[in-house]
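To keep things clear, I will list the structure first and then write my remarks on it.
Heavy-atom basis, side chains included; hydrogens, waters and symmetry copies ignored. A note on names: the letters A, B, ... follow the listed sequences, proteins ahead of strands, and every chain is numbered from 1. It should be emphasised that the depicted structure is a prediction, and the values quoted were computed from it without experimental measurement.
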Protein chains: 2
Amino acid sequence: MGVPSGSDGDQPPTRTVTLRDVAQLAGVSIATASKALNGQPQVRATTREKVVRAAEQLSFSPNTLAQGLITQRSGTVGLLTSDLEGRFSIPILMGAEDAFGSDQTSVFLCDARGDNVRERHHLRALLSRRVDGLIVVGARPDARPSLGDLPVPVIYAYSPSDDPNDLSLVTDNVGGGSMAVDHLIRHGRRRIAHITGDATYGAARDRAAGALDRLRQEGLALAGDQVWYGAWSEAWGRGATRMLLQRDPTVDAIFAGSDEIARGVLDVLHQEDLDVPGRVAVIGFDNWNILAANARPPLSTIDMNLEQLGRLAAQRLFAAIDGNVGSGTETIPPRLITRESTAPLD
Amino acid sequence: MGVPSGSDGDQPPTRTVTLRDVAQLAGVSIATASKALNGQPQVRATTREKVVRAAEQLSFSPNTLAQGLITQRSGTVGLLTSDLEGRFSIPILMGAEDAFGSDQTSVFLCDARGDNVRERHHLRALLSRRVDGLIVVGARPDARPSLGDLPVPVIYAYSPSDDPNDLSLVTDNVGGGSMAVDHLIRHGRRRIAHITGDATYGAARDRAAGALDRLRQEGLALAGDQVWYGAWSEAWGRGATRMLLQRDPTVDAIFAGSDEIARGVLDVLHQEDLDVPGRVAVIGFDNWNILAANARPPLSTIDMNLEQLGRLAAQRLFAAIDGNVGSGTETIPPRLITRESTAPLD
DNA sequence: TTGTACGCGTTATCAT
DNA sequence: ATGATAACGCGTACAA
């Protein structure tokens with residue numbers, strides 16, 4: 001079909017305006033037009049004025065592709081994510097996009113959907129588009145295979161590369177776990193339990209390690225006698241809490257490995273008529289706003305500062321593009337979000 | 001700092017390999033190399049073989065920028081979103097990215113963060129990059145100002161353009177509301193109430209209109225005597241449910257305007273010991289998996305098919321780029337997701 | 001201060 | 001079937 005849009009009559013297919021048109025209208029050569037628009041000093045003020053005016057009049061917009069051909073810089077970067085759906089990619093992506101946006105560089109978004117073939121495919125396309133650099137955002141906080149030697153710098157975010165020569169940016173899960181327990185201790189809790197997700201996730205083990213570490217420092221034992229590994233789901237939060245309460249009714253605080261799990265924990269505590277935080281304090285992980293802020297009561301939690309991680313990735317990539325390539329793994333500190341679920345005992 | 005990465009010695013700054021290198025290695029002219037690689041018929045099989053092999057050996061990757069200069073097509077499109085944070089943009093964006101990915105076109109992601117200035121800024125950048133087209137993804141399902149006449153086709157997704165000459169793709173909120181109530185009726189419910197979000201959202205009013213319409217068809221009155229407009233939050237879901245139960249204890253089903261609200265509804269129903277779905281059925285809206293699938297019980301809901309909307313936007317944009325520009329507003333039908341919160345009364 | 005001429009990497013048109 | 005050569009739109013060394 002194709003209804004012709006616009007009410008204007010059939011204008012001749014208006015060629016996109018080039019620098020030649022501007023130069024012509026201004027009555028100068030292409031070279032001077034270029035210099036004038038690019039703020040080169042060797043051009044008379046009045047001439048520059050003429051050119052600028054002409055450019056505006058024609059609403060000239062320089063062809064970045066042509067510029068890139070010359071400068072050998074496309075002014076673009078690739079954002080290669082493994083799962084857009086996952087909630088962790090988004091903030092990172094936002095941070096990066098934000099950091100780049102304030103500069104001149106545009107961002108190619110590619111979602112590999114966890115598929116290796118698709119990833120290679122996107123990689124080829126990006127290199128063919130001559131991106132100046134690449135940020136690879138993983139789906140889970142465990143090491144992923146390096147992309148190997150590429151003609152452009154690469155930063156790995158969230159999932160570190162398995163090659164220590166690459167530069168990776170990750171969250172500090174050990175520190176986060178420790179921070180959560182520290183917060184509970186400072187609020188007078190002594191019988192602290194830990195319910196968390198899939199033990200095959202490094203994040204789960206790291207958070208637990210941090211938590212246990214902090215408990216040990218304080219000479220406290222873990223309530224419930226074990227770390228309750230399971231699934232990253234509300235359902236597991238419910239199930240584990242029931243088991244926990246049965247095994248150890250003296251528990252006065254629960255550190256949940258994710259906000260989802262924490263919601264399940266809250267649900268069962270309500271069912272058992274155990275006041276939160278009066279009787280049991282609860283702290284989550286992720287600061288997933290929709291879950292944490294709207295919980296009853298609002299949930300204290302650990303924020304991994306993913307947006308900052310994204311921004312930092314952008315900065316590191318810039319540095320690498322400018323020749324300052326780094327390597328190793330850089331860790332971003334988490335942040336405590338205090339809400340009502342851990343208010344002090346009165 | 002900048003630790004030099006890689007363990008290989010200081011290789012000379014390896015120039016990116018061009019078609020010339022390939023031609024040279026294959027012992028042919030640049031022109032023939034080009035033809036060979038592009039599958040032109042006028043080239044001997046053995047020659048083509050040579051060239052292809054040379055290209056592989058050098059892992060040649062054609063410079064898309066240069067190609068674009070000639071073909072006047074960049075093979076890129078812009079995805080201009082108003083709020084990446086918002087959960088609605090993501091699935092649309094995924095659908096579009098997916099549809100494009102299977103073709104040759106790459107996607108520029110731009111987040112305007114609801115800021116008009118930033119939007120113009122991104123727009124300039126995208127046009128300067130010679131994108132072949134644009135998809136504008138709004139933050140809320142109400143009309144937004146048109147970008148006006150641009151040198152490339154534009155598709156508006158989720159938020160329709162206020163200019164009927166533009167092509168907009170939106171979800172069917174009236175149909176969704178009607179579908180939700182229909183489902184409840186089919187399962188024997190007669191005392192149906194509706195709790196929803198901010199009345200300034202067209203989506204809220206449309207869903208309510210669809211619900212009321214379906215009730216009217218059936219000769220049923222709305223339980224609770226009114227549509228409970230409020231906020232798109234769990235807290236409002238709780239508050240409204242309490243008021244509703246007070247005003248009309250006979251209610252046997254609640255249609256919530258969002259899954260968030262539905263979660264609040266469920267919470268209060270549990271507190272009041274009203275079995276779901278035994279005593280009261282609950283249906284949400286959005287199919288926001290994390291909220292709906294993990295609710296207790298799992299929540300029936302309406303899915304707006306946003307990913308499909310994104311894919312369709314990509315297809316329509318392709319058509320427009322190929323000259324088949326459309327206009328007006330196209331509506332994507334929603335889809336009912338049945339879970340346990342609306343299981344039939346036994 | 002301005003203009004000429006060349007090149008960026010590729011495709012397309014013409015000879016050969 | 002192959003190879004010069006001219007574009008594409010722009011930046012820049014060099015000459016004027």
Side-chain angles (χ1 to χ4, degrees), chain A residues 13-52 54-55 58-76 104 125 127-132 151, chain B residues 13-52 54-55 58-76 104 125 127-132 151:
Chain A
T14 162
R15 217 180 19 79
T16 83
V17 25
T18 101
L19 189 55
R20 197 221 312 263
D21 303 320
V22 176
Q24 194 168 339
L25 177 59
V28 299
S29 77
I30 298 188
T32 29
S34 170
K35 292 169 193 160
L37 292 179
N38 291 339
Q40 299 264 22
Q42 355 119 359
V43 52
R44 196 175 357 177
T46 65
T47 313
R48 186 189 310 277
E49 181 95 1
K50 265 193 310 184
V51 174
V52 169
L58 300 176
S59 64
F60 167 73
S61 156
N63 186 330
T64 313
L65 281 64
Q67 292 181 152
L69 246 197
I70 298 179
T71 62
Q72 304 282 35
R73 285 244 176 138
S74 64
T76 63
Q104 318 282 31
L127 292 179
S128 163
R129 294 225 137 74
R130 296 297 185 267
V131 291
D132 297 331
Chain B
T14 161
R15 215 178 22 77
T16 82
V17 26
T18 97
L19 190 55
R20 199 220 313 260
D21 304 320
V22 177
Q24 193 168 341
L25 177 58
V28 299
S29 78
I30 300 189
T32 28
S34 171
K35 290 170 194 158
L37 292 178
N38 292 339
Q40 299 262 22
Q42 354 119 0
V43 52
R44 199 180 351 183
T46 67
T47 314
R48 186 189 309 278
E49 182 96 0
K50 266 193 306 181
V51 175
V52 168
L58 301 176
S59 65
F60 167 73
S61 155
N63 186 328
T64 314
L65 281 64
Q67 292 181 154
L69 244 197
I70 297 181
T71 62
Q72 305 283 29
R73 285 243 175 137
S74 65
T76 63
Q104 317 284 29
L127 292 179
S128 163
R129 294 226 133 79
R130 296 296 185 267
V131 292
D132 297 330

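Rounded to whole Å, the distance from CD on B:Q42 to C1' on C:dA15 is 13 Å. Straight-line distance from the CG atom of A:L69 to the C1' atom of C:dC6: 14 Å, rounded to whole Å. Atom-to-atom, CD of A:Q72 to P of C:dG7 comes out at 14 Å; the value is rounded to the nearest Å. Between the CD atom of B:Q24 and the P atom of C:dG9 there is a distance of 13 Å, rounded to whole Å. When rounded to the nearest whole Å, the span between CZ of B:R73 and P of C:dA12 equals 14 Å.
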Detail all sub-3.5 Å separations between protein N/O atoms and N/O atoms belonging to nucleotides 10-13 of chain D.
residue, atom, partner, partner atom, Å
D:dC10, OP1, A:N63, N, 3.2
D:dC10, OP2, A:T18, OG1, 3.4
D:dC10, OP2, A:L19, N, 2.4
D:dG11, OP1, A:N38, ND2, 3.3
D:dG11, OP1, A:Q67, OE1, 2.9
D:dG11, OP2, A:S34, OG, 3.0

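Within the 3.5 Å criterion, the main-chain N or O of B:S61 finds no donor-acceptor partner in the side chain of A:S128. Counting only distance, with no hydrogens or angles, the side chain of A:R129 and the backbone of A:S74 share no donor-acceptor pair below 3.5 Å.
Remark on the helix from C:dT1-D:dA16 to C:dT16-D:dA1: inter-end axis angle 50°, axes from five-pair C1' superpositions, rounded to 10°.
The minimum heavy-atom distance linking B:R20 with B:I30 is given by the pair CG-CD1, 3.7 Å.
Atom CD of residue A:E49 and atom OG1 of residue A:T46 lie 8.5 Å apart, to the nearest 0.5 angstrom. If you take CD on B:Q40 and OG1 on B:T32, they are separated by 11.5 Å, rounding to the nearest 0.5 Å.
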- Message: The test is side chain to side chain contact (heavy atoms under 4.5 Å, CB included); show your working for A:L37 and A:L19 and say whether it passes.
- Response: CA-CA 10 Å; A:L37 292 179; A:L19 189 55; 3.9 Å; yes
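B:R73 pairs by the salt bridge (charged side-chain N to carboxylate O under 4.0 Å, His left out) definition with B:D322, not counting sequence neighbours.
B:N63 has its side chain within reach of A:L69: a pair of non-hydrogen atoms, C-beta onward, lies under 4.5 Å apart.
Residue B:R44 has its side chain nearest to D:dA1 when only D:dG9, D:dA1, D:dG3 are considered.
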